[in-house]
Visitor: 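My questions all concern the structure below.
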There are 2 protein chains.
Amino acid sequence: MTDINNKPPTDDEIRQAIELLFFAYRDFVADPDKVLADYESPKGSLGRAHHRVIHFVGRNPGMTVAELLSILQITKQSLARVLRQLIDEGFIEQERGPEDARQRLLYLTAKGEAFETALSNPQRVRFRRLFEKAGPEASRSFLTLLFELINEDERDQVLSLIGGKQQTSL
Amino acid sequence: MTDINNKPPTDDEIRQAIELLFFAYRDFVADPDKVLADYESPKGSLGRAHHRVIHFVGRNPGMTVAELLSILQITKQSLARVLRQLIDEGFIEQERGPEDARQRLLYLTAKGEAFETALSNPQRVRFRRLFEKAGPEASRSFLTLLFELINEDERDQVLSLIGGKQQTSL
DNA sequence: TAAACTAAGTCAACATGACTGACATAAATA
DNA sequence: TATTTATGTCAGTCATGTTGACTTAGTTTA
């Protein structure tokens, strides 16, 4: 709330923040990891990379491969293997771009939607409990700080991606 | 601050939290990744795994291998390669446990300390700026929520590790 | 229209950091 | 003394990232 204040952050708080972020993220991703490990696919198993693709395609139906690459910040060769598996196993469908026929627009299938729900469910439960306990004010403040932890030059892209600004004072 | 409130978190806030945590962590680890990529070691390059080991040994001088394993939650075989490199290149020293001679107590060398500083510096700068902008109240609240994002059964271990409770209302 | 650029896909080789399973050694403990 | 514990090691595998080179098809531009 205050932009300038007389109490600068202590080295201890900063160090704790670094470590807490590590542990929080570790547990946060361990949830879907379990779901992924349980899923037995015909052509090889699925990992975090597949989860990320399913998540972002689910959130942005009809996105292009190039858009997905810029979000994930990996090479197209890395994405290719993951995407191929997801298409072959019926989680994701491709469609020719109506404007630009070179583009391949990505969509989740019904199977993909169901898997997305199963994957994100434990994460949603985790945050729901957290926010219920913390209350709306602390929750919104938490989102704001997470947002400001992101590189300044990437915030616009993230903002348009997650669709903030209206409901959430980001 | 409020434990029970009439405004439950919206699905949108929860989804945003999931995505923001992903992006924030991505940028947060990209900083030391650059430092690691720049470092040219004689016997192979260093990665995130080395960073984590250096960080926790730096924070807990004299810790045992078993303690390190329980923090990192990886297998000893995974740790072995990383630890061997760090010892061979003079970042970490081992010492026989004075009580239990089977134990190998881990310490950073002067070289290890210097590297730890270089690695964590961009992360500290990132959080310092964030906390300066957000103010002490939002900063402490942020730490609390990060802490409560951690699995309940691991919070005690984390707390004793990061040394909260006195200064920080965790 | 021909040339250049762009979106996407593919092949190959490689690095990192995880994993499992089996086994070895030395020290502590029952 | 026998067993358990702390650590280390060998060998093989897998998931996920990388670079570099190249193809195909469609769009844009000179």
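Just so we're on the same page: letters track the sequence lines, and every chain starts at 1. Everything numeric here is computed off the predicted structure, so don't read it as measured data.
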Visitor: Please check if the side chain of A:Q123 supplies one atom and the backbone of A:F28 the other of a donor-acceptor pair under 3.5 Å.
Guide: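 At least one qualifying donor-acceptor pair exists.
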
Visitor: Taking only residues two or more places apart in sequence or in another chain, which ones pass side-chain contact (heavy atoms from CB on, under 4.5 Å) with B:E99?
Guide: none

Visitor: Between the side chain of B:Q157 and the main-chain N/O of B:E154, is any donor-acceptor distance below 3.5 Å?
Guide: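 Between the backbone of B:E154 and the side chain of B:Q157 there is no qualifying donor-acceptor contact (under 3.5 Å).
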
Visitor: For DNA chain D, which nucleotides open and close the run of contacts to chain B, 5' to 3', at under 4.0 angstrom from a non-hydrogen atom?
Guide: D:dT5 to D:dC10

Visitor: Whole Å only: how far is the CG atom of B:L36 from the C1' atom of C:dA15?
Guide: 14 Å

Visitor: 5'-most contact on DNA chain D: A:L46 or B:V65, nearest heavy atom basis?
Guide: B:V65

Visitor: Specify the separation, in whole Å, of atom CG of A:L86 and atom C1' of C:dA8.
Guide: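 To the nearest whole Å, that distance equals 17 Å.
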
Visitor: Is there a donor-acceptor pair closer than 3.5 Å between any side-chain N or O of A:T109 and the backbone N or O of A:F91?
Guide: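 Checked: pair present.
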
Visitor: Are any of the side-chain heavy atoms of A:L86 and A:H50 separated by less than 4.5 Å?
Guide: yes

Visitor: Counting only heavy atoms and a strict 4.0 angstrom limit, can you tell me which residues of residues 90-104 of chain B come near DNA chain C?
Guide: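 B:R96, B:E99, B:D100, B:A101, B:R102 - these, ordered by number, are the residues of the stretch whose heavy atoms sit under 4.0 Å from the strand.
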
Visitor: Would you kindly give the CZ-to-P distance between B:R81 and C:dA15, to the nearest whole Å?
Guide: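 Value for this atom pair: 13 Å.
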
Visitor: Of A:Q77 and A:L105, whose closest DNA chain C nucleotide lies nearer the 5' terminus?
Guide: A:L105

Visitor: To the nearest Å, give me how far apart CZ (A:R84) and C1' (C:dG9) are.
Guide: 8 Å

Visitor: So, B:Q16 side chain and A:G163 main chain: donor-acceptor pair closer than 3.5 Å or not?
Guide: yes

Visitor: Would you confirm whether A:R126, through its side chain, and B:L149, through its main-chain N or O, come within 3.5 Å as a donor-acceptor pair?
Guide: yes

Visitor: I need the CD1-P distance between B:I74 and C:dT20, as an integer number of Å.
Guide: 12 Å

Visitor: Between P on C:dG9 and NZ on A:K76, what's the gap in Å once rounded to a whole number?
Guide: 9 Å

Visitor: Please determine if a side-chain N or O atom of B:S78 lies less than 4.0 Å away from the OP1 or OP2 oxygen of C:dC19.
Guide: yes

Visitor: Is a side-chain N or O of A:R155 found less than 3.5 angstrom from the main chain of A:E148, in a donor-acceptor match?
Guide: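 Flag set: sc A:R155 to bb A:E148 pair under 3.5 Å.
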
Visitor: Rounded to whole angstrom units, what separation is found between the CD atom of B:Q73 and the P atom of C:dG17?
Guide: 18 Å

Visitor: Could you say whether B:L83 or A:G47 is positioned toward the 5' end of DNA chain D, judged by the nucleotide with the nearest heavy atom to each?
Guide: B:L83

Visitor: I'd like to know if the side chain of B:D27 and the backbone of A:N151 have a donor-acceptor N/O pair within less than 3.5 Å.
Guide: yes

Visitor: Rounded to whole Å, please give me the gap between CG in A:D33 and P in C:dA18.
Guide: 12 Å

